[in-house]
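Step one of this worksheet: look at the structure below.
Below, chains carry the letters A, B, ... as their sequence lines are ordered, and counting in each starts from 1.
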2 protein chains.
Amino acid sequence: MVADQPYHHGALREALLEAGRELLAERGAHAFSLSEIARRVGVSTAAPYRHFADRDALIDTLADEGYIKFHDVLREAVAGATDPADAITRIGVGYLRFAVEHPAVFTIMFRDRQGPPSDYGPPSFQTFLEAVETAQRSGVLSDRLPAPVTSRSIWAALHGAATLDAVGGFAKLGLGAPLEELVETLLDPYWTRPRPHG
Amino acid sequence: MVADQPYHHGALREALLEAGRELLAERGAHAFSLSEIARRVGVSTAAPYRHFADRDALIDTLADEGYIKFHDVLREAVAGATDPADAITRIGVGYLRFAVEHPAVFTIMFRDRQGPPSDYGPPSFQTFLEAVETAQRSGVLSDRLPAPVTSRSIWAALHGAATLDAVGGFAKLGLGAPLEELVETLLDPYWTRPRPHG
DNA sequence: ACCTGAACACCGTTCAAGT
DNA sequence: ACCTGAACACCGTTCAAGT
């Protein structure tokens, strides 16, 4: 808190993004408001328009940040893996954990975009695809179907579980489960031979 | 169009729901507006509050309608099936087709609810669970995992594919595919033996 | 009992004017 | 170049008043 704010904020763009992150975390994607963000930063409601085309542009920027963070999660999952099958499992756990820990960011990442699609989504899928290819080559993952197709299926399973779990759908149906167990059961039919569970 | 509207609408509740359905179909979940709906019906913006607690109550009612329609889709899929494996496949196609044909309704069904959870979701999962149990008993679906767990996994895969496909995620990644083919590849790892594709 | 009219607090967005 | 102040059209919601 500075006693006397200068006329020029100096780093308004970053301040708006930071306030946006906080608002999302505190009140959810549903409560996102550009006016509220401007108020928190201590600036007029018109000020953001010097840095973002409109409300959606700010949301899309926060979504892009989410994609970058998400991509890091996937790369760290692969980096920390002990073997190709473990890499897939860790990606799965990372995917679901990201959704559970940052539900609002996850929501805006996969909402129906107003502007052009993000450039930051495909790299994540690419990382995942490479992990699937590696697992297929090592023989732990079936290669009955091409890697992109199997990747698409597992990605869909993880994404569906993440979405339904975040909304609480599984718990409502009496299907709530710890994250690791949920991932294990999702991946189970894909392995060429049964895997011991941790 | 009646030339002289009576003071009492008579069937305002249903008229509001109908206008809500149209607005969702025309402009998407994103553009939902209670004022716009009242305007379309030709009534004051305060009138809906005699029939719905608030905006969210109207949305939740439309979501419930969606669940009922969705449940019918699943039951018809099972009813029209030639065998237990075909029932699962038809459910999958019905699930994805519903999402693609009614994206706005699908969105509000699985959005983060404000009010209490819908009573109309669980019956759909129940129908699906029974189809999985039947398929497991007939031997076409692996019974390595309990029916509720396998149901959860396939449900997640279908839901994820529906969500990503509706948002256009698959197409963006060069993974776009016809609905039936997508469902086939999603279900492929679950069958106990390879199934011929139609 | 059901709906209107007017009001309130709140949005997103624009634009002339200030620094 | 960056931000303010005031305005505009639009929300959701409330409530006294009308029929």
Side-chain angles (χ1 to χ4, degrees), chain A residues 1-24 26-63 104 107-108 111-115, chain B residues 1-24 26-63 104 107-108 111-115:
Chain A
M1 294 286 180
V2 182
D4 205 10
Q5 294 286 1
Y7 195 87
H8 283 231
H9 184 284
L12 182 52
R13 189 188 148 88
E14 180 48 44
L16 291 168
L17 289 170
E18 175 61 20
R21 273 176 227 122
E22 285 170 10
L23 186 57
L24 278 182
E26 280 173 30
R27 307 234 294 258
H30 194 254
F32 189 91
S33 156
L34 195 53
S35 298
E36 169 72 16
I37 288 169
R39 205 176 303 126
R40 286 183 176 214
V41 173
V43 92
S44 80
T45 59
Y49 290 86
R50 204 58 48 176
H51 300 274
F52 298 94
D54 52 22
R55 187 192 116 111
D56 281 323
L58 209 170
I59 295 182
D60 286 351
T61 303
L62 291 172
T107 298
I108 63 167
R111 99 202 148 105
D112 202 351
R113 272 228 182 192
Q114 300 308 106
Chain B
M1 296 288 178
V2 181
D4 203 11
Q5 293 286 0
Y7 193 87
H8 283 233
H9 185 284
L12 182 53
R13 189 188 148 88
E14 180 49 44
L16 291 168
L17 290 170
E18 176 60 20
R21 273 176 227 121
E22 285 170 11
L23 186 57
L24 278 181
E26 279 172 31
R27 308 235 292 259
H30 195 254
F32 189 91
S33 156
L34 195 53
S35 298
E36 170 71 16
I37 289 170
R39 206 176 302 125
R40 287 182 176 215
V41 173
V43 91
S44 80
T45 59
Y49 290 88
R50 202 59 48 175
H51 299 275
F52 297 95
D54 53 22
R55 186 191 118 111
D56 282 323
L58 209 171
I59 295 183
D60 285 350
T61 303
L62 291 172
T107 297
I108 63 166
R111 99 204 148 105
D112 202 352
R113 273 229 182 193
Q114 300 307 105

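- Formation of a donor-acceptor pair under 3.5 Å by the Arg55(B) side chain with backbone atoms of Phe32(B) is found in this model.
- One finds the CD1 atom of Ile59(A) at 4.5 Å from the CZ atom of Arg111(A) (value rounded to the nearest 0.5 Å).
- Salt-bridge annotation for Arg40(B) and Glu26(B): present, with a side-chain N of the basic residue lying under 4.0 Å from a carboxylate O of the acidic one.
- Arg39(B) comes within 4.0 angstrom of the backbone, heavy atoms only, and of no base.
- Taking every side-chain heavy atom of Val43(A) into account, dT4(D) is the closest of dT4(D), dC11(D), dT14(C).
- Of the listed nucleotides (dC11(D), dC3(C), dT13(D)), dT13(D) has the atom at the smallest distance from the side chain of Asp54(B).
- Listed nucleotides dC3(D), dT13(D), dC11(C) differ in distance to Ala47(A); the shortest reach to its side chain belongs to dC3(D).
- Rounded to an integer number of Å, the gap from CZ of Phe52(A) to P of dT13(C) is 13 Å.
- Where Thr45(A) and Ser44(B) meet DNA chain C, the nucleotide closest to each residue was compared, and Ser44(B) sits on the side nearer the 5' end.
- Here the P atom of nucleotide dG12(D) and the NE2 atom of His30(A) are 11 Å apart, to the nearest Å.
- Under the Watson-Crick and G-U wobble criteria, each requiring two contacts below 3.5 Å, nucleotide dA1(D) is paired to dT19(C).
- If you check every strand for non-hydrogen atoms under 4.0 Å, Arg50(A) touches a base.
- Partner assigned to dC11(C) is none, using Watson-Crick or G-U wobble distances below 3.5 angstrom.
- Between His51(A) atom NE2 and dC2(D) atom C1' the separation is 7 Å, expressed in whole Å.
- Distance Leu16(A) CG to dT13(C) P: 14 Å, rounded to the nearest Å.
- Between Ala46(A) and Ser35(B), the residue anchored nearer the 5' end of DNA chain D, judged by the nucleotide with its closest heavy atom, is Ala46(A).
- A straight line from CG of Asp56(A) to C1' of dT13(C) spans 12 Å, rounded to a whole angstrom.
- Looking at Leu23(A) and Glu36(A), their side chains come closer than 4.5 Å, going by heavy atoms from C-beta outward.
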